[in-house]
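Below is one structure, written out as structure tokens, with a few remarks after it.
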Amino acid sequence: MLHYFEGLSYKEIADMMGFGHVRSARNLLYKAVNGLSSILKKYHGDLFVLIGLLFYSF
């Protein structure tokens, strides 16, 4: 969220989270994006159904 929505740099995130290296913040972001990607791939079909139901109900 800090990087994508708040627009903070890796350096700013590292400082905020108390990391000694910018690389640590970058690695954490990479792991988070990969984790979300895996979850989305796993529930790919279910997500389309849920999104369809949300739009259909409005």
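Predicted model, so just to flag it, every value in this text is computed and none were measured.
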Next on the checklist: Donor-acceptor pair, distance only, cut-off 3.5 Å: does the side chain of S38 make one with the backbone of N34?
Outcome noted: yes
query: Can you get from V33 to I39 by hopping between Ile, Leu, Val, Met, Phe, Trp and Tyr side chains that sit under 4.5 Å apart?
result: no
Quick note, salt bridge (charged side-chain N to carboxylate O under 4.0 Å, His left out) partners involving residues 15-32, not counting sequence neighbours, are K11-D15
When clusters are formed by joining ILVMFWY residues with side-chain heavy atoms under 4.5 Å apart, either directly or through shared neighbours, do L29 and L8 land in the same one? no
In short, ring-ring contact (aromatic ring centres under 6.0 Å, His included) pairs touching residues 3-23 with sequence neighbours left out are H3-Y10
Side chain to side chain donor-acceptor pair (under 3.5 Å) filter on N27, not counting sequence neighbours, yields none
Residues passing the side chain to side chain donor-acceptor pair (under 3.5 Å) test with S9, sequence neighbours excluded, are E12
All heavy atoms of V22 vs all of A14, minimum pair found to be CA-CB, 4.0 Å
